[in-house]
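Structure record follows, encoded as C-alpha cells.
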Amino acid sequence: MTRRALILLEGHGSIGLQYVKAARCLDLHPITLSADPAQYDYLAAEGIETIRVDTGNLDALIRESSRLRATYDIAGITGFSGADESVYATVGKLCRHFDLPGPNPASTERCCDKFTQRQLLAEAGIPIPAFRLAANATDVESSAAEIGLPVVLKPAVGSGSSGVRLCRNHNELAEHATYLLDGQHRWRSPILVEEFAQGPFFSAHIMGNEVVGIDTADFDRPPHFVFRHLTCPAPLTDDEHERIADVSLSCLPALGLGWGPTNVDIRWTKRGPVVIEVNPRLAGGTSPGLIQAACGVDLITEHIKLIIGNEWDLRRRHSHIAAAQCLNADRDGILDWIDGDSRATAAPGVAEVRLYIKPKTPIVRRGDYRDRIGHVIAASPSRAQTEAILQHAVDLIRWSITPFSTLSE
C-alpha cells in the first residue's frame, strides 16, 4: 500500500515540529521542501525526509512534488510563512495544480500585501487605522503629518512584526524611515504609515468561518511589538466578544478568505474594535498551544485534517483560563546556557514549555519575533491560579547571555 505523505513548504521555529508530530499521529509521512533545510534544527533531529528546492520557484516545486508522487500518495500540501508570507500563497498555487484542498492563492497574495489588504478592508467599511503608502522619506514625513503622530511604520510586506515600529516623534520617524529605506531591513518594499490605534490588543483565531478563540496580549520593549504575555480567553463581556468576533468574520468576505485558518489582530479603541491586520494562516508562536490549553481544540491537527480532505472537529473539550509568557532575550550576545525547562514542564498546570534556540546561538534583538528564546503556557479553571502556575514555571527557567562587547574584550 502506498504511503500517504504530507508536503510541508519550509519549516517554522515555533510550530513546525508540532505540524510534523500531528501529521505522524494522523498516519501521514511528513516531507519538508526547503531552500535551506539546515535552518530548521528539528528536521535533522526528528529524521524528517527533507528535500532542498527553491520554494520561491513554483515550477521547481511542481517538478519535485510530481517526482514524489511516484513513491507516495500526496495526501495534502501546506507550509509556513516565516518571514516571507509569499510561501503560503505558493502553497495555494501548488494545491490548485495537484487538485488538492488549499487556500485561494489570489486572495492570499492580496492579503499578504498590507496596503492592498487595507484598501479592501476600507472598501468593505471595516474599521481600520488611517494609513498611507510611502516610497521615500518625504512621503513618510508628509503621511505622518496628515495622520498625526504617533504613527506606526512598517514594510508593506513581511510578518512577525519584522521592521514594525511605533514612532512617537519626528526623530524616531526619520530614524526608522532611514532604516527601512536604506536597505538595512530585509524587505525592499514601500512603507506603510499607519495611525497608532491605541487600546488593548486582541487576536481572533478563526477556522473556516468559526471563531475558535480570542486572546489578549501585551508587548515587551516599546516602541516595538514583541509579545510578552498572552491570555485566552480574553477577559471580555459577551457584548465585547460578539463585537470582536463580528468584525473579525466580516474581514473574510472582504478579502476572499474563509478556507482554513485565519488570524485577525485587533485593537479596542475609542471607536470600538479596529482591525490592525489579517493573516491568512494559522498564527505561530504561542497561539496553537494557548487555544488548545484553553478549550481543547488542536488547531494544527484540525488544519491538517482539512488539508487532506478529512472532516475537522472544532468542538470545545473544556473551558480553562490559559496564559502564556514569552521568554524574550534581555540583551544581545551569545546564549551561553539555558536550563530549567524540564522542571517547568513537569510542574502541575503547565501545558507547554518550548525553547526556540540552543546554547551558543548568537542573539541580536531586532524588535520582532527573533527576540524570543521560547515560551511557557499554563492553564487552570481560574485566572489567578493560572497566573500563579505560569509565574512559578517561568521562575524555574534560567539562562545566561554573554554580551558581544564582553566577548570582544
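The structure displayed is predicted, hence computed values, not measured ones. Side chains are part of it too, since the values below use all heavy atoms of this structure and drop only hydrogens, waters and symmetry mates.
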With sequence neighbours excluded, tell me which residues meet side chain to side chain contact (heavy atoms under 4.5 Å, CB included) with [X].
{"X": "Ala388", "result": "none"}
{"X": "Ala174", "result": "none"}
{"X": "Arg63", "result": "Asp59, Ala60"}
{"X": "Gln198", "result": "Pro150, Phe196"}

Pairing of [X] and [Y] as salt bridge, 4.0 angstrom limit:
{"X": "Glu240", "Y": "Arg243", "answer": "no"}
{"X": "Asp313", "Y": "Arg315", "answer": "yes"}
{"X": "Glu109", "Y": "Lys93", "answer": "yes"}

Pair His229-Glu387, side-chain donor/acceptor within less than 3.5 Å: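 Yes - a donor-acceptor pair under 3.5 Å links their side chains.
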Smallest separation among heavy atoms of Asn104 and Gly256, with atom names: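 It is CB-O, 4.5 Å.
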Going by ring pair (Phe, Tyr, Trp, His ring centres under 6.0 Å), name the residues that satisfy it together with His97, two or more places apart in sequence or in a different chain.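 His97 satisfies ring pair (Phe, Tyr, Trp, His ring centres under 6.0 Å) with no other residue.
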Only counting residues at least two apart or in another chain, list the ones meeting ring pair (Phe, Tyr, Trp, His ring centres under 6.0 Å) with His241.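 Testing His241 for ring pair (Phe, Tyr, Trp, His ring centres under 6.0 Å), a comparison that skips the adjacent residues, returns none.
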I need the full list of ring-ring contact (aromatic ring centres under 6.0 Å, His included) pairs touching [range], with sequence neighbours left out, sorted by first then second residue.
{"range": "residues 245-285", "answer": "none"}
{"range": "residues 145-168", "answer": "none"}
{"range": "residues 28-51", "answer": "His29-Tyr72"}
{"range": "residues 110-139", "answer": "Phe115-Phe131"}

Run the numbers on Ser34 and Glu10 for side chain to side chain contact (heavy atoms under 4.5 Å, CB included), then give the verdict. CA-CA 5 Å; Ser34 172; Glu10 293 300 342; 2.8 Å; yes
Pair up each side-chain donor or acceptor in residues 292-299 with any protein partner under 3.5 Å, not counting sequence neighbours, and list the distances.
{"unit_1": "Asp298", "atom_1": "OD1", "unit_2": "Ile300", "atom_2": "N", "d": "3.2"}
{"unit_1": "Asp298", "atom_1": "OD1", "unit_2": "Thr301", "atom_2": "N", "d": "3.2"}
{"unit_1": "Asp298", "atom_1": "OD2", "unit_2": "Thr301", "atom_2": "OG1", "d": "2.7"}

Out of the candidates Arg24, His303, His12, only one should pair with Tyr19 under the side-chain hydrogen bond (donor to acceptor under 3.5 Å, both in side chains) rule; please name it.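 The option that passes is His303.
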So, taking the atom named CG in Leu94 and the one named OG1 in Thr78, what distance separates them when rounded to the nearest 0.5 Å?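 Going from the CG atom of Leu94 to the OG1 atom of Thr78 covers 10.5 Å.
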Sequence neighbours excluded, which residues qualify as side-chain hydrogen bond (donor to acceptor under 3.5 Å, both in side chains) partners of Arg331?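 In terms of side-chain hydrogen bond (donor to acceptor under 3.5 Å, both in side chains), with neighbours along the sequence ignored, Arg331 is linked to no residue.
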